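The structure presented is a predicted model; accordingly, all values stated were derived computationally and were not measured. Within every chain, numbering begins at 1; the chains are lettered A, B, ... in the order of the sequence lines, protein sequences first and strands thereafter.
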Amino acid sequence: MAPTSTSKISLPCGSRRRRLVLKPTQQGALHALFQQNPYPGIATRERLARELDIPESRIQVWFQNQRTRQLRQSRLGSAKSQGQGPTHGQEQPPSWTQEHFTKDGRRKRTSISPSQTSILLQAFEKNRFPSIATREHLASLTGLPESRIQVWFQNRRARHPGQSRSGPVKDMEAHPKPSPYVTVPVEPGLLARVPGVSSFDTHFFVPHPKGNTSSNMSALA
DNA sequence: GCGTAATCTAATCAACC
DNA sequence: GGTTGATTAGATTACGC
């Protein structure tokens, strides 16, 4: 896929969490548990977090990525075996579907107070894609875990697409598969007033013109 | 460069009012 | 039943080695 020239501008450092490098022992433990249950619930994830000294949110992400890897491999394997001779056993087809593993419960629903919501809303209005630094700042302001703030922003973006002016999302059908994000430079000063918006956020990381990128900017004014 | 952690969307489940 | 937090698959980005 040819990347369009405007599809991606690299963000200032600090926009993403620093990448975690797992130790071999941690990798081993995660793999072992994955064999038993690729869908660990919150209790298991928290126990692992304590035992391996890895944040629970990183364990959740590891399992997400690992399921993807596993599925991709098994599909690759079965695609090969269609053209080639069948490969007996060894390769576990994804027989581990979710139903078998949902016993271990979900995280308890986090209740977010009106005052916490108000802080998050203010930050959201200024930046729908907060950096890790901003999320952590918001976490300290609200007392909520950073991972819950990340989820809050995800849900919020999904349910409140843009201030999406009046019209329905319509254009861009000309480009069926737009690049998922573009970044838009923003004056740091505009953000300084907002609690929870750090100086890292000198770019707005916005979805590719579902609406209009420039109108997103005008929302700041 | 590769492998993979991090992030995203969209869809869905489920707790709480 | 509506709202909204939690989880999922899948696609993509970008960083550490």
Side-chain angles (χ1 to χ4, degrees), chain A residues 1-4 6-24 26-27 30-31 34 37-46 52 54-76 94 96-114 116-118 120-121 124 127-136 142 144-162 164 169 172 176-183 200-201 203-211:
Chain A
M1 276 160 218
T4 61
T6 55
S7 64
K8 181 179 50 144
I9 303 164
S10 60
L11 292 165
C13 31
S15 69
R16 275 187 176 219
R17 181 191 313 272
R18 188 175 191 81
R19 193 186 163 109
L20 186 70
V21 180
L22 294 169
K23 298 181 188 123
Q26 295 171 323
Q27 288 259 14
L30 289 170
H31 275 106
F34 185 86
N37 181 7
Y39 295 91
I42 182 65
T44 305
R45 293 199 307 267
E46 281 184 336
L52 303 179
I54 299 172
E56 182 274 327
S57 66
R58 301 306 87 204
I59 288 180
Q60 188 167 26
V61 166
W62 186 88
F63 272 86
Q64 284 167 7
N65 285 325
Q66 186 61 22
R67 284 194 298 268
T68 300
R69 283 191 283 271
Q70 199 93 129
L71 279 169
R72 197 170 32 224
Q73 271 191 358
S74 66
R75 282 173 193 167
L76 222 86
W96 44 268
T97 48
Q98 200 176 339
E99 305 99 63
H100 302 111
F101 299 100
T102 45
K103 295 292 163 267
D104 194 358
R106 289 184 162 210
R107 181 194 311 274
K108 271 235 179 71
R109 188 186 171 97
T110 303
S111 71
I112 301 180
S113 72
Q116 290 170 323
T117 302
S118 143
L120 294 175
L121 276 173
F124 183 82
N127 184 359
R128 301 159 57 86
F129 295 84
S131 67
I132 178 64
T134 299
R135 294 198 309 267
E136 279 175 344
T142 58
L144 295 167
E146 180 273 327
S147 65
R148 299 308 86 204
I149 287 174
Q150 189 166 26
V151 167
W152 186 91
F153 272 84
Q154 283 171 7
N155 283 326
R156 187 82 195 173
R157 284 195 299 270
R159 288 160 187 163
H160 299 81
S164 150
V169 186
M172 106 277 224
K177 187 79 178 181
S179 176
Y181 333 106
V182 296
T183 54
F200 280 105
D201 295 333
H203 284 66
F204 275 72
F205 201 32
V206 299
H208 198 275
K210 257 199 171 112

Of all the nucleotides listed ([options]), which has the minimum atom distance to the side chain of [X]?
X        : options              : result
A:Arg135 : B:dT7, C:dA6, C:dG10 : B:dT7
A:Thr110 : C:dG5, B:dT7, B:dT9  : C:dG5
A:Val21  : C:dG16, B:dA5, B:dC8 : C:dG16
A:Val61  : B:dA6, C:dT7, B:dT9  : B:dA6

When the distance from [atom1] of [X] to [atom2] of [N] is rounded to whole Å, what number comes out?
X        : N      : atom1 : atom2 : answer
A:Leu22  : C:dC17 : CG    : P     : 12 Å
A:Gln150 : B:dT9  : CD    : P     : 11 Å
A:Tyr39  : B:dT12 : OH    : C1'   : 14 Å
A:Glu146 : C:dG5  : CD    : P     : 16 Å
A:Arg18  : B:dT7  : CZ    : P     : 13 Å
A:Asn155 : C:dG5  : CG    : C1'   : 6 Å
A:Asn65  : C:dT12 : CG    : C1'   : 11 Å
A:Ile59  : B:dA6  : CD1   : P     : 11 Å

Polar-atom pairs under 3.5 Å, protein N or O versus N or O of nucleotides 13-17 of chain B: list them with distances, or write none.
from: B:dC13; atom 1: O2; to: A:Arg106; atom 2: NH1; distance (Å): 3.1
from: B:dC13; atom 1: O2; to: A:Arg106; atom 2: NH2; distance (Å): 3.4
from: B:dA15; atom 1: N3; to: A:Arg109; atom 2: NH1; distance (Å): 3.2

Using modelled atom types only, decide if a donor and an acceptor are shared between the side chain of A:Gln27 and the backbone of A:Leu22 within a distance under 3.5 Å.
no
Examine B:dT4: is either OP1 or OP2 under 4.0 Å from a nitrogen or oxygen in the side chain of A:Arg69? Give yes or no.
no
Check this one for me: any side-chain N or O of A:Arg16 less than 4.0 Å away from OP1 or OP2 of B:dC8?
no
No-H, no-angle donor-acceptor pair, A:Arg19 side chain to B:dT4 base, under 3.5 Å
yes
In terms of ring plane angle, is the pair A:Phe34 and A:Phe63 parallel, tilted or perpendicular, where the classes change at 30° and 60°?
tilted
Which angle, rounded to 10°, do you find between the first-five-pair axis and the last-five-pair axis of the helix from B:dG1-C:dC17 to B:dC17-C:dG1?
30°
